[in-house]
Amino acid sequence: MSPNVLALLPEYILVLAGVLIMLAEPCLPAAASRKPLGWIAILGTALAGLASWYQLQFGTLHAFYGTIQVDAFSIFFHLLIAAVVLVTLLGSLDYFEGHATHAGEYFALTLFGATGMMFMTSSVELLMVFVGLEISSISTYIMAGFRKGQATASESSLKYFLLGSFATAFFLYGIALAFGATGSTNIYAIAHGLETTATPHLAFLALAMLIIGLGFKVSAAPFHVWTPDVYQGAPAPVVGLMSTAPKAAAFAVLLRITFSGFPAMQHRWAILMWVLAALSMTVGNLGALLQRDVKRMLAYSSIAHAGYLLVAFTAFPQDGIAAACFYTATYAAMNVGAFAVITQVSGYDETARSQEDFTGLASRRPMLAALLAFFLLSLIGIPFTGGFFGKFYVFSAAVAAGHVWLAVIGLLNSGVACFYYLRLLAAVYAKPTAESAALTSIPARRVSVPAAVGLTLAAIATLVLGILPGNTLWLTQYAGTSTIIESARQHCAPHPDNCHVELQMEQR
Amino acid sequence: MSAQVPIAYYLVLGAILFSIGIAAFLIKRNIITIFISIELMLNAVNLTFVAFSHMWHQVSGQIFVFFVMVVAAAEAAVGLAIIIAIFRARQTLNVDQINLMKL
Amino acid sequence: MTIDHSILTIITFVPLAGALLLAILPDKGKTMQWGALAITLLTFVCTLHLPAHYDYSAAAGSYQFDTDHSWISSPAIHYHLGVDGLSMWLIVLTGFLAPLGVLISWRAIDSRKKLFYILFLLQQVAMLGIFVSLDLFLYYAFWELSLVPMTLLIATFGRTENRRRAAIKYFLYAFIPSAILLVAILWLYVKTGTFDLPTLAGFAAANSISPNSAALWLASLAFLAAFAVKVPIFPLHGWLSDAISEAPTAAVMVLAGKLGLYSILRFSFGIFPQQSHRIAPLMIALGAIGIVYGALIALVQKDLKRLAAYGTLGHVSVVVLGIFTFTIAGLDGGIYQTLNEGIGGGALFMLLGLLYERYGTYDMREFGGLAAKLPWIVTLFVITTLSVVGLPILNGFVGEFLVFSGAMQASFAHHVMWTALATTGVILTAAYMLMMIQRVFYGSLGLKSSAVTAPDLDAREHLALWPVVAVMLAMGVASPYWMRAIDEAGTRIAQQHESIESTAPPAEATTSNVHAAEGGPR
Amino acid sequence: MSHLSQFQTFLLLSILKIAVVLVITLTAVAYTVLLERKVLGRMQNRWGPSRTGPFGLLQPLADGIKLFLKEDLLPLAAERPLFIIAPIIALACSLISISVVPFGAVQHVKGVDMFAVADLNIGLLVILGITSIGVYGIALSGWSSNNKFALLGSLRATSQMISYELALGLSLVGVVLRAQSLRLRDIVDSQAAHGALSWNVFGGFQFVAFFIYLMAAYAETNRSPFDLPEAESELVAGYHTEYSSMKFAMFFMAEYANMITVACVATLLFFGGPASPFGHLIPTFGGAIVQAVLPVLWFVAKVLAFLLLYIWVRGTLPRFRYDQLMSFGWKFLLPLAMLNIIVTSLVMALRG
Amino acid sequence: MQLALFLIFGVLAVAGAINLLLQRHPINSALSLVVVMMSLAVLYWSLGAEFLAAAQVIVYSGAIMVLFVFVIMLLNAGEEEHTTGSRIAYVAGFPGAAAIFCLLSFVFLSERKAMGGTDLGGYLSHSANNIAEISRLLFRDLLLPFEVTSILILVAILGAVVLARKEQ
């Protein structure tokens, strides 16, 4: 296979599946079920994941004149995105049944969005990153407004759109300034150009703008204002997707830009990240304390988790990348799981919204309640769940880099976080009240088989990441190492003689 | 022909436009105007790109602008569709009245 | 591969397997109770393997039934389990109390039994895990895990509407210091590259963890604070009375005491010997204050459970007083008293639970004159009380005696004064315990006790209570049998501290370096 | 003139060119109106304007005077500034685009090309750009009038123009591919080899593109059969319902100026511009002056032919329905234009 | 001449932007933005990017902004009203924007020397190659982004159809 095909195999598969769905959609009668299209999407996603796995044996691949770099890092995120999309699709296969007439477009948009995210993670050219970012953003804007009956859905879509575009402008400005400072938009060329740049302040400004732009995308405080409204209004499965996969992709970009693009400035941006992390954790957790709406609460919790993740950026490169990757994976597993449960509990009409509506869930839907409890415990960071090990790993990386106080802030925050998660958990296991019983028992639908499979996958992933994180850890550490090595190699390309030391790392 | 203009002047012009864009984004209450101010910000970025492209004698900056235009077009299509949808539902374009959810 | 190498794994995970089994079984009739009873009994039987095969002749400071597998390669986390004299009897005690907890909850828990027993078994897993783990990561995982089932038990099966608040209070009290504990553990890992307790203890003995004494101090305080809350030690006991008065009996039996005390003995003393030594005067003072404070508050309680809660505070304070004297007698007594607290406190709470089951209240003013109506209960109650107040022949006496004699030998400033204060606490304890007996069982009939006619103990309850009484007697009479293992652990710790005392403390430790307080490693 | 610097010469000559071209264009606009009325009259078996001056040749002048002297009405509810600015935009845009059109062979006087106001290397794009700005005139006129017919008319016009701009632009890509340049002079030169045979519409095999261009151009100029924006039976006069006097005249002139521009572009892109159809078949004759003027005549002749075609179509075809218009543009012209691009580029790639 | 161009159109652009901010009716804001875009097009041309200048006019002012104007006309929602929310925005908006402006300008001006000036003459003398150069880069080095843009447009079309469609 030519490297151009091999390197982009997962993306090709996703696009093909998406186009197939788009072509099939108008051919189906309006009243017909859209499930077959959903199955195409699921199949495509699974194949794309397998293709990523297949790429792992080839080491680092470059394609399209150095625009694309497929390495362990990008493969990790490809797998993660594929997994998240897979679980989301499984969970939403029956979601639109009987409600929306053109659910096929939802599946197609999901796949295209995933393609954009994958491009973001595997690209080392900021132009490509930008295009990928836009594909993923625009498809999520649309998906946020997909539940058109509800006024809140279009409102959520609008807010997401406006603030997302606002962030894009900052991101672009950052790219422009980086281009101005170094004369290139390739991440490695930027790193190289920084060594000789005549305009160092410009370069730092560029990085700051990039961080602001991506900060919006990952909803780090103080760029988080859109998150609660958007999560509250958007359909639950979409929130599950957009709180994880695009965020993971944005974090991947942020990792690449900071660690590969601006390594020379780490002493400066690490401070920025320190502040952002502390602020996000605190704002997220304190905000969540005040919330009654479950989705809104989880929105604030996702801000806090973005903060935990940002802690990894203050660590040494190799640890930091590995820890960030690992945390992204655990966060994705548990958050997607939590939203999948909420999808199943509240249904298309979102009958159950506030914590009171969830009161006594355990006595009516014991399995769903147990799963929700499990995901919430993982979000708290209880041992033997992914959440615990993720947090542990992130904070150990930060402590290793000497940021003990950040770890203290972070872990105290996770103490505060317990409060609101436990409140929901306690409500779920409390005796049902009259109103809550009325609300959550209306759609006493059975959980369909695909949704159950999706939930199980998420739960298993969360559990495995907590108990046997070995394989994932290996992949994340490989990702970290390969990123560092590739940076070194690219950096050395002009002066090959004085960097055999770094390249020796590769021999190991 | 005549005196050179420092690149920095173009950049400052870009910064002025960008800041006005931010201010408009925050201050304006009409959704469409807010969207328009985002476009203004993108234009400011484009000017910055072109100026740097000139400075480095590389057209890759210009290509970026080209892509920004395409993306802006795509965003405009989607954004205006969202705006139409919300206007149909709410009969208003004032962001302060788009407040079904607690802020 | 003999069974000795996997016995600890078996002990820890049998309850987990049981919990999964219960999750599958249908919640009909008495399935849950019988299932849980069978599992807890099985666990107990397994734990008995430990004293039966414990090698008393092994070198001091070695761990037995040792299992060590690499779990995660980087960071280097091991699945390392082991037992020594300190933890062995605690494991057996945990195993012993579990079936009793099931028996006592037999009728008290009548709805959502499945949830209750699953949580109960998970709590069991966490506690056993804490006692057997020798890897700090593993230990911390179990430590955190132990919070969850307990919180849920309180939140779901609590007595009044106040249960959710009590549960969250308990959780936050325990979780926030634990978070700091994690930071300290991470810091240790960064400094030493290992989570392995024996290795760390070796480093600590060689004084080679970190040259930054201020950071070491902060880390040791983080450890101690997390454990002190769980014990609880005097000013950190805010969660105790609420949690105890809300929690169901089976949960209360294991709520306070041994986890925190064991952790102090094992980890604080093991990894931070010097810092523990230096902070001992403060802890002795807090222990003494705790004894008196607990007793005084208990004296004025009207609610039986709250009375018992403050009593618990007093009892665990005795242990604190004992272990921080760093004398062999004090340490032995402290460890012994930890066991006693489990037994005596457990029995007391079981009996209170029985009364509540019969009369639906814990208010002392509504009882009275029950002695004639419930002869068996009153008998057992009196025996338990005597054990708690430390009457000779019963177990309490051995522990308290050792603690106080150790406290008198201690070499810290003002220790005599604090010991004297603590001794008054013993008298106060006797006062409130006996007053409680007097009020509940003697005198005129109270409001409830006259209105409700309740049966005396049935066979199941006899089965739950007599073993405890038997153990009380056995531990009171045949204390050397139990003491053999404990003494080994106590002696080891005491000797370590003697050596610290003999070598003068490093000068810089007294004037703690402000700059270094920034967080240590740079 | 020798004492003038090069820059000053350039400036003076440019102003001169602008003035001349502007006058000629405006006159042409006036007489195109007359031509249309005359030819339409003949097609409908009547005489058309014939009273004012010989053969009615002074009719445009009389119309102009009439429009100047009429009362300038301003509706009360109109958005004043936009209402006034809209016709200006419309007329200005239609006139500016003439500026890049080379209407004769290359003739340098003191280094300045005399037969093109401006010779830009993106001339084609400039025309497209200015045309697309012209939409604002129509859009704003309808909206600022505060009249529902005007608004509907301008909405129709706007969407029609946006839609057909796409097909228009794409139809030109084939031509650009062949010329490998966006400069109009280069495009003309690329068709110069063998007279009419090498014109894009014949030898360049761009007849499909030409067809698309023609359709799109009719729609862009809001001419019959695509004159829905001013469908009298439905919308009174469409977007300029509320306009009168000079402002109305400006819209009127803009429409005809646009026609001329479009005809010029068609001539340049598909019919060899100012080149003679006979190429080298006819030997060169006459002096330098004749050599300079003859291409201009060819150019004018070709443009005139297009204008006649316009008028002919108007006299012959009925008006489309709105949905037909849209589906014709999007479902037929657009795919066809893309197909044309693909085929053209494939052929070019295969040829080397 | 370059300076004159820059001053005239720079001032025009800023005036347009400020007008955008001050106007209350969205259509006026949109037209102000068109003015900004046209001035920027001239500035692009003055920086040697004539292809972009044309693209700016055709795509941005000729298509995107027409779409805006079209939607504004279609919805005809009237002028914006000021509410309590806008007062907060005033308090937050102006200082924030001013701060960003000051920071950016400070950095630009302090590093002005390093960035140099425009050399329009030298640049424009090869300007005939500009478009060719752009296409070379676009269809070779940056081929993938160019192709992937088609997905973006597909998504946008899909989205516009999904969102603007009326539910039955």
Side-chain angles (χ1 to χ4, degrees), chain D residues 7 10-11 79 81-82 85-86 89 93 96-97 100 119-146 148 150-163 165-166 168-169 176-177 180-183 186 239 330 345, chain E residues 1 19 23-35 37-38 41-42 44-45 48-79 124-136 139 150 153 157:
Chain D
F7 180 68
F10 171 78
L11 209 64
E79 292 276 331
L82 295 183
I85 222 168
I89 296 178
C93 287
I96 289 172
S97 40
V100 291
D119 182 18
L120 297 176
N121 55 0
I122 48 163
L124 190 53
L125 290 182
V126 169
I127 290 180
L128 285 178
I130 290 168
T131 316
S132 60
I133 295 298
V135 181
Y136 285 104
I138 291 169
L140 293 179
S141 65
W143 186 78
S144 64
S145 302
N146 220 336
K148 62 182 145 210
L151 181 65
L152 279 175
S154 73
L155 281 179
R156 275 187 178 188
T158 314
S159 47
Q160 175 178 335
M161 288 173 83
I162 298 179
S163 306
E165 217 167 71
L166 237 69
L168 184 90
V176 175
L177 278 174
Q180 304 200 331
S181 171
L182 287 167
R183 183 200 291 263
D186 291 348
Y239 54 86
W330 286 100
S345 48
Chain E
M1 187 166 119
N19 195 42
Q23 287 292 343
R24 307 235 345 234
H25 200 287
I27 208 154
N28 293 331
S29 297
L31 293 174
S32 316
L33 186 60
V34 174
V35 171
M37 285 169 170
M38 301 297 273
V42 176
Y44 292 171
W45 177 79
E50 70 270 309
F51 180 67
L52 272 189
Q56 168 96 350
V57 174
I58 297 173
V59 178
Y60 243 136
S61 13
I64 300 179
M65 287 317 292
V66 170
L67 201 60
F68 273 90
V69 170
F70 189 84
V71 171
I72 296 170
M73 280 161 57
L74 192 70
L75 300 183
N76 217 352
E79 299 201 342
L124 280 187
S125 60
H126 313 297
S127 59
N129 297 329
N130 189 356
I131 298 166
E133 208 176 317
I134 286 181
S135 14
R136 220 175 345 265
F139 295 119
S150 58
I153 292 170
I157 295 172

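Each chain gets a letter, A, B and so on, in the order its sequence line appears, and its residues count up from 1. The shown structure was predicted, so the numbers you read here are calculated from the model rather than taken from an experiment.
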Report which part of [X] has an atom under 4.5 Å of a heavy atom belonging to chain D: side chain, backbone, both, or neither.
{"X": "E/Met65", "result": "both"}
{"X": "E/Val34", "result": "side chain"}
{"X": "E/Val69", "result": "side chain"}

Option that, when pairs with chain E are counted at under 4.5 Å, heavy atom only, ranks first among D/Leu151, D/Leu166, D/Leu140: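 Ranked by heavy-atom pairs under 4.5 Å with chain E, first place is D/Leu140.
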
Verdict with reasoning, E/Leu31 to D/Leu82, per side chain to side chain contact (heavy atoms under 4.5 Å, CB included): CA-CA 10 Å; E/Leu31 293 174; D/Leu82 295 183; 3.3 Å; yes

Shortest non-hydrogen separation from E/Val66 to D/Tyr136 and the atoms involved: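 Answer, listing the atom of E/Val66 first, then D/Tyr136: N-OH, 3.4 Å.
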
Over 12 foreign heavy atoms within 6.0 Å of CG, E/Leu74: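 It does: E/Leu74 CG has more than 12 such atoms within range.
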
Separation between CE of E/Met73 and CG of D/Leu152, rounded to the nearest 0.5 Å: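 Reported to 0.5 Å precision, the distance equals 9.5 Å.
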
Interatomic spacing from CD1 in E/Ile58 to CD in D/Glu165 - rounded to 0.5 Å: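 So the CD1 of E/Ile58 and the CD of D/Glu165 are separated by 8.0 Å.
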
Donor-acceptor contacts under 3.5 Å from residues 128-135 of chain D side chains, at least two apart:
{"residue": "D/Thr131", "atom": "OG1", "partner": "D/Ile127", "partner atom": "O", "Å": "2.5"}
{"residue": "D/Ser132", "atom": "OG", "partner": "D/Leu128", "partner atom": "O", "Å": "3.3"}
{"residue": "D/Ser132", "atom": "OG", "partner": "D/Gly129", "partner atom": "O", "Å": "2.5"}

Segment of [X] engaging chain E (4.5 angstrom heavy-atom cut-off):
{"X": "D/Leu155", "answer": "both"}
{"X": "D/Gln180", "answer": "neither"}
{"X": "D/Ser144", "answer": "neither"}

Between E/Ile27, E/Val57, E/Val59, the one whose heavy-atom pairs under 4.5 Å with chain D are most numerous: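 Top option by heavy-atom pairs under 4.5 Å: E/Ile27.
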
Residues in side chain to side chain donor-acceptor pair (under 3.5 Å) contact with E/Asn19, at least two apart in sequence or another chain: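 E/Asn19 satisfies side chain to side chain donor-acceptor pair (under 3.5 Å) with E/Gln23, E/Ser32 once adjacent residues are dropped.
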
